[in-house]
Engineer: 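Here you go, one structure.
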Amino acid sequence: EFRGLTLDGGTWSASTVPMADRSSNGSFGRPYFLAVDGDNRPVVVADTAEGVAVLRGDGGAWTRLEPLQTLPSDAQLSLHTPNLLAAAWDSEDGRVRFLAGDWLFEVEGDAIATAHALDTGISLADRVSFTDCLFDSTGPLAGEAACYAWQSDAEDEVFLIALDCTAEPCTWEEVPGVGLGTRDPGGSSNSLRRVFLHLEDGTPLLVRPVGPAEGDATYTLLASTPDEDRVLIEENVYFAGAAERPSGGYAALGATYSNRLLLVIVDSDGAQREVDLGRVTASSQADPLPLVIEATPDGEVAHAFLAKSANALLHVRVDLTTDEVSRETIGL
């Protein structure tokens, strides 16, 4: 079963989300995304064996949202094709949007109401598979993605592309002169081991485990911006997560092969510190590790959610002002 969890008045409640088989046939794309609409209702956009499923929660009940029949036939075909979902996000205008195939879709009201055609751009067509790109929105109809030159004849690299929908069709174009390093030599080829996001000032950030150098046995956790590569954790990192901080800077989470959970906090001035969050069973975690930074009246709080067992989650809460750590178990 696909389960939804809701926090209300300090109590977590679980509900079953009526989703079909969400297997993605070995794709490294993310199997689902969680967003929130303008009425503060959760929306799950998922890649299933039947194509893209969009489900909305409302008071514990979940409703599947269908496309309007007025959508172009090619757009409707993309919705019914598995392994095309690339990204989903919520926007300040209250709409949930997602990328699937050559279309950008908008959820409005009780339906998938709008589809914008995408033009991949001549320079990108031969070397970009968008399900292998990590997208992060910079506005309702815009954003950037970190992509890996898997199919390029040139030296492996991580490069940025930008989505522009000021005119239709929307276009993808490479951001000239901006890269995020090499394609993680020696590391996993699974794009889910990486996290791409933008900081409060718009700086693109890529966080991922990087394979060991020759003669070394450890995977370091590396953060890359267009200006620098920063080692966050030197210990053998297996899973990773990252999130921007409302005050500037970011935080990153690493689960190691020795089952330690480490939080690295980077301030807007570049200062860096590490908080040991104890031990977890690293082999049972999901990619990437979920991490959220919440602004509070007293500062910021980090929330991490990890697998504890087949029917329970571990919620780790860290006060970034005091570095105080607390844990709770949430039943599924």
Side-chain angles (χ1 to χ4, degrees), residues 2-15 30-36 42 44 192-197 199-200 205 207-209 219-223 230-267 271-332:
F2 196 95
R3 305 287 279 172
L5 286 166
T6 305
L7 180 63
D8 185 11
T11 301
W12 291 95
S13 58
S15 59
R30 280 162 169 69
Y32 66 90
F33 297 84
L34 175 64
V36 179
V44 171
L192 298 185
R193 293 285 170 89
R194 307 177 177 97
V195 184
F196 174 67
L197 52 91
L199 304 184
E200 281 295 299
L205 174 74
V207 176
R208 78 278 199 197
Y219 286 75
T220 60
L221 186 65
L222 189 70
R230 175 191 289 258
V231 175
L232 301 177
I233 300 174
E234 295 184 355
E235 191 174 344
N236 222 352
V237 176
Y238 189 60
F239 291 98
E244 70 275 17
R245 295 176 58 189
S247 63
Y250 58 94
L253 196 64
T256 73
Y257 280 86
S258 59
N259 295 336
R260 292 180 68 207
L261 184 64
L262 304 173
L263 180 71
V264 177
I265 304 160
V266 180
D267 296 331
Q272 175 179 325
R273 69 183 191 276
E274 181 181 293
V275 180
D276 192 329
L277 305 185
R279 294 190 173 272
V280 295
T281 305
S283 61
S284 65
Q285 300 311 321
D287 287 321
L289 295 178
L291 178 67
V292 176
I293 310 297
E294 174 193 13
T296 70
D298 299 322
E300 293 174 336
V301 174
H303 300 271
F305 294 86
L306 301 101
K308 185 171 184 178
S309 66
N311 55 9
L313 291 179
L314 174 66
H315 172 208
V316 182
R317 183 185 185 278
V318 186
D319 187 317
L320 300 190
T321 301
T322 63
D323 290 349
E324 181 182 354
V325 179
S326 60
R327 294 183 171 209
E328 69 169 328
T329 299
I330 306 170
L332 293 174

Engineer: Apply side-chain contact (heavy atoms from CB on, under 4.5 Å) to Thr329 and list each qualifying residue two or more places apart in sequence or on a separate chain.
Structural biologist: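 For Thr329, the residues satisfying side-chain contact (heavy atoms from CB on, under 4.5 Å) (neighbours in sequence not counted) are Lys308, Ala312.
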
Engineer: Sort out for me which residue in Ile265, Leu263, Leu221 forms a side chain to side chain contact (heavy atoms under 4.5 Å, CB included) with Leu232.
Structural biologist: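 Testing Leu232 for a side chain to side chain contact (heavy atoms under 4.5 Å, CB included) against Ile265, Leu263, Leu221 leaves exactly one candidate, Leu221.
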
Engineer: For Arg3, enumerate each residue passing the side-chain contact (heavy atoms from CB on, under 4.5 Å) test, keeping only those at least two apart in sequence or located in another chain.
Structural biologist: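 Residues passing side-chain contact (heavy atoms from CB on, under 4.5 Å) with Arg3: Glu1, Ala14, Thr16.
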
Engineer: For the residue pair Leu332 and Ala310, what are the closest heavy atoms and their distance?
Structural biologist: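 Minimum heavy-atom separation between Leu332 and Ala310: CD1-O, 4.1 Å.
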
Engineer: Evaluate side-chain contact (heavy atoms from CB on, under 4.5 Å) for Asp298 paired with Thr321, printing each intermediate quantity in order.
Structural biologist: CA-CA 8 Å; Asp298 299 322; Thr321 301; 5.6 Å; no

Engineer: For residues Leu34 and Pro42, report the shortest heavy-atom separation together with the two atoms involved.
Structural biologist: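 Looks like CD1-CB, 4.1 Å.
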
Engineer: What verdict does the side-chain contact (heavy atoms from CB on, under 4.5 Å) test give for Leu262 and Val237, after you've listed the backbone C-alpha separation in whole Å, the side-chain angles of each residue and the deciding distance to 0.1 Å?
Structural biologist: CA-CA 9 Å; Leu262 304 173; Val237 176; over 6 Å; no

Engineer: To the nearest 0.5 angstrom, please state how far the OG atom of Ser13 sits from the CG atom of Leu7.
Structural biologist: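 It comes to 8.5 Å.
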
Engineer: Which heavy atom in Leu253 sits nearest to a heavy atom in Pro290, and how many Å separate them?
Structural biologist: CD2-O, 4.4 Å

Engineer: Evaluate side-chain contact (heavy atoms from CB on, under 4.5 Å) for His315 paired with Leu313, printing each intermediate quantity in order.
Structural biologist: CA-CA 6 Å; His315 172 208; Leu313 291 179; over 6 Å; no

Engineer: Considering only residues two or more places apart or on different chains, which pairs with a residue in residues 240-256 satisfy salt bridge (Lys or Arg N to Asp or Glu O under 4.0 Å)?
Structural biologist: Arg245-Asp267, Arg245-Glu300

Engineer: Who passes ring-ring contact (aromatic ring centres under 6.0 Å, His included) against Tyr250, sequence neighbours left out?
Structural biologist: none

Engineer: Can you sort out the partners of Asp276 under salt bridge (Lys or Arg N to Asp or Glu O under 4.0 Å), two or more places apart, ordered by chain and number?
Structural biologist: Arg260

Engineer: Quick one: side chain to side chain donor-acceptor pair (under 3.5 Å) partners of Thr296, sequence neighbours excluded?
Structural biologist: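 Result, side chain to side chain donor-acceptor pair (under 3.5 Å) vs Thr296: none returned.
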
Engineer: Less than 4.5 Å apart, any side-chain heavy atom of Phe305 and any of Ile330?
Structural biologist: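 Of all side-chain heavy-atom pairs linking Ile330 with Phe305, at least one is under 4.5 Å.
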
Engineer: For a quick test of reading the model, state the closest non-hydrogen atom pair linking Pro288 to Val195 and the distance between them.
Structural biologist: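 Taking Pro288 first and Val195 second, the nearest heavy atoms are CB-CG2, 3.7 Å.
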
Engineer: For the residue pair Phe2 and Val44, establish whether any side-chain heavy-atom pair is separated by less than 4.5 Å.
Structural biologist: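 Counting from C-beta outward, Phe2 and Val44 do come under 4.5 Å.
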
Engineer: With sequence neighbours excluded, tell me which residues meet side chain to side chain donor-acceptor pair (under 3.5 Å) with Glu200.
Structural biologist: none

Engineer: For a quick test of reading the model, state the closest non-hydrogen atom pair linking Ala251 to Ile293 and the distance between them.
Structural biologist: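 Here Ala251 and Ile293 meet closest at CB-CD1, 3.9 Å.
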
Engineer: For Ala223 and Leu205, work out which heavy atoms get closest and say how close.
Structural biologist: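 Between these two residues, the closest heavy atoms are CB-CD1, 4.0 Å.
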
Engineer: Applying salt bridge (Lys or Arg N to Asp or Glu O under 4.0 Å), which residue pairs with at least one partner in residues 319-332 are found, sequence neighbours left out?
Structural biologist: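 Listed by first then second residue: Arg273-Asp323.
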
Engineer: With sequence neighbours left out, write down each residue that passes side-chain contact (heavy atoms from CB on, under 4.5 Å) with Ser326, or none if nothing qualifies.
Structural biologist: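 Arg317.
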
Engineer: Would Leu261 and Val316 count as a side-chain contact (heavy atoms from CB on, under 4.5 Å) if you check the C-alpha gap in whole Å, the side-chain angles of each, and the deciding distance to 0.1 Å?
Structural biologist: CA-CA 10 Å; Leu261 184 64; Val316 182; 4.3 Å; yes

Engineer: For Val292, give me all partners under side-chain contact (heavy atoms from CB on, under 4.5 Å), at least two apart in sequence or on another chain.
Structural biologist: none

Engineer: I want to check something: taking the side chain as every heavy atom from C-beta on, are Leu320 and Val275 in contact at a cut-off of under 4.5 Å?
Structural biologist: no

Engineer: Can you name the side chain to side chain donor-acceptor pair (under 3.5 Å) partners of Asn311, sequence neighbours left out?
Structural biologist: Ser309

Engineer: Backbone N or O of Leu222 within a donor-acceptor pair of the Thr220 side chain at under 3.5 Å?
Structural biologist: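 Judged by distance alone, no pair lies under 3.5 Å.
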
